[in-house]
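Written below as structure tokens is the structure these notes are about.
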Amino acid sequence: MAASRQPLFCHVEFGGAVAAREPPEAAPEGLEAVFPREVGLFADAFPEETRYGFCGHVLTIAQHHGARLGVAAPVWEAVRALTLCKYFEKQKLNFWGKKVIELGAGTGIVGILATLLGGDVTITDLPLALEQIQENVHRNVPAAHSARARVCALSWGLDHEEFLRDYDFILGADIVYLKDTYPLLIRTLRHLCGPHSTIYLSSKMRQEHSTAMFYEALLPLHFTSELAYRDENENINIYRVTSKQNS
């Protein structure tokens, strides 16, 4: 049964082989220096569970609310993640046999769906979020396919070079909202994205966080992007991004 499986945490991949290890201790640098969290505010995490249906699959997603987890805890980015999942369903995207990586996964729902749709998926976030993601992987990915869903620590701009290059798909839901992280994210995307990669980013277009600046000024310096979908009611955009090597 899924509950009896040991969590699979990975950090480094070389040529398809995965070096498994426990998630590293959080370091006060890189993303962890700019993401807000107050460790001592609450002693406990408060779990919630929600069910979603996409592409013929029913996903049961646990969300642990608590200050220790900071912004990675709840699906406070749920609408953006769900919008991306709905887009995959509408477009009938095929992840079968593809190398996929999700950045800033939060609960991991996007990467989990990509796994269920046949992808070989690496689901990443800061170390403090990995336990929550792994729980959701265990809840939703059958044991026979668990090797195709790896949960890994990745701090943008710091250890991205330890990951593979040229993923088929790079996914991110609501990861563009803190200006201090924009250069780190661009650096990481440049490493992960090869000439045949496709990046899908779903974002709430927050004026106060200069989200549009990221897509209109920073991203075009290194990538070609197009607006693939817009939700006017929620002010959410999905961008399809490729390397300029494709141009």
Side-chain angles (χ1 to χ4, degrees), residues 8-20 52 54-57 59 61 77 80-126 129-130 132-134 136-142 144-156 159-176 185 188-203 223 225 228-229 238-243 245-246:
L8 172 60
F9 291 107
C10 71
H11 186 65
V12 185
E13 303 177 1
F14 297 101
V18 178
Y52 304 97
F54 297 108
C55 306
H57 298 279
L59 307 181
I61 300 298
E77 81 283 8
R80 277 70 78 188
L82 300 183
T83 299
L84 191 55
C85 290
K86 290 175 184 176
Y87 178 80
F88 294 164
E89 183 173 53
K90 183 177 180 180
Q91 297 297 316
K92 296 180 172 60
L93 288 185
N94 180 16
F95 293 102
W96 190 260
K98 303 296 185 181
K99 293 186 303 180
V100 183
I101 187 167
E102 182 185 4
L103 304 179
T107 62
I109 185 171
V110 173
I112 289 169
L113 181 60
T115 303
L116 295 176
L117 295 177
D120 185 3
V121 185
T122 302
I123 307 173
T124 73
D125 208 319
L126 298 176
L130 299 189
Q132 173 175 264
I133 296 170
Q134 188 65 62
N136 285 325
V137 169
H138 284 174
R139 286 170 177 261
N140 294 283
V141 178
H145 303 293
S146 61
R148 292 197 286 103
R150 294 176 293 278
V151 178
C152 307
L154 172 55
S155 295
W156 305 339
D159 52 11
H160 57 274
E161 292 185 356
E162 299 177 359
F163 287 76
L164 296 174
R165 291 180 178 269
D166 199 13
Y167 284 87
D168 294 300
F169 292 98
I170 302 165
L171 311 176
D174 208 40
I175 61 176
V176 180
L185 177 55
T188 299
L189 290 174
R190 290 184 67 189
H191 172 79
L192 300 175
C193 182
H196 305 294
S197 302
T198 300
I199 305 170
Y200 284 104
L201 298 175
S202 175
S203 291
F223 299 93
S225 67
Y229 174 81
I238 295 177
Y239 291 90
R240 182 180 184 274
V241 183
T242 57
S243 168
Q245 297 177 57
N246 285 340

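These values consider heavy atoms only, across backbone and side chains, with no hydrogens, waters or symmetry-generated copies.
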pair [X]-[Y]: side-chain heavy atoms closer than 4.5 Å:
| X | Y | result |
| --- | --- | --- |
| Thr107 | Ile112 | no |
| Thr198 | Arg240 | yes |
| Ile101 | Leu171 | no |

Does [X] reach the main-chain N or O of [Y] with its side chain, forming a donor-acceptor pair under 3.5 Å?
| X | Y | result |
| --- | --- | --- |
| His191 | Glu162 | no |
| Asp125 | Gly106 | yes |
| Thr124 | Ala153 | no |
| Arg148 | Thr115 | yes |
| Asn136 | Gly108 | no |

Could you state the interatomic distance from [atom1] ([X]) to [atom2] ([Y]), rounded to the nearest 0.5 Å?
| X | Y | atom1 | atom2 | value |
| --- | --- | --- | --- | --- |
| Lys99 | His196 | NZ | NE2 | 10.5 Å |
| Leu82 | Asp174 | CG | CG | 11.5 Å |
| Gln134 | Arg139 | CD | CZ | 12.5 Å |
| Arg80 | Ile238 | CZ | CD1 | 12.0 Å |

Looking at Tyr167, Tyr229, Tyr87, Phe95, which hits ring-ring contact (aromatic ring centres under 6.0 Å, His included) with Tyr200? Tyr87
Could you report the tightest heavy-atom contact between [X] and [Y], atom names first, then the distance?
| X | Y | answer |
| --- | --- | --- |
| Ile175 | Leu103 | CG2-O, 3.5 Å |
| Leu117 | Cys55 | CD2-CB, 3.8 Å |
| Thr83 | Ser202 | CB-OG, 4.3 Å |
| Phe223 | Ser243 | CD2-CA, 4.1 Å |
| Val110 | Ala81 | CG2-O, 3.9 Å |
| Thr242 | Ser197 | CG2-O, 3.7 Å |

Electrostatic pair Arg150:Asp120 at N-O distance under 4.0 angstrom: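 Salt bridge between Arg150 and Asp120, a charged N being under 4.0 Å from a carboxylate O: yes.
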Please lay out, stage by stage, how Leu59 and Leu116 fare under the test side-chain contact (heavy atoms from CB on, under 4.5 Å). CA-CA 10 Å; Leu59 307 181; Leu116 295 176; 3.3 Å; yes
Stepwise side-chain contact (heavy atoms from CB on, under 4.5 Å) test for Leu189 and Ile199: CA-CA 9 Å; Leu189 290 174; Ile199 305 170; 4.1 Å; yes
Using the side-chain contact (heavy atoms from CB on, under 4.5 Å) rule, take Leu192 and Arg165 through it: C-alpha gap first, then chi angles, then the decisive distance, then the call. CA-CA 5 Å; Leu192 300 175; Arg165 291 180 178 269; over 6 Å; no
Checking side-chain contact (heavy atoms from CB on, under 4.5 Å) for the pair Thr122/Val100: CA distance, chi angles, key distance, verdict? CA-CA 6 Å; Thr122 302; Val100 183; over 6 Å; no
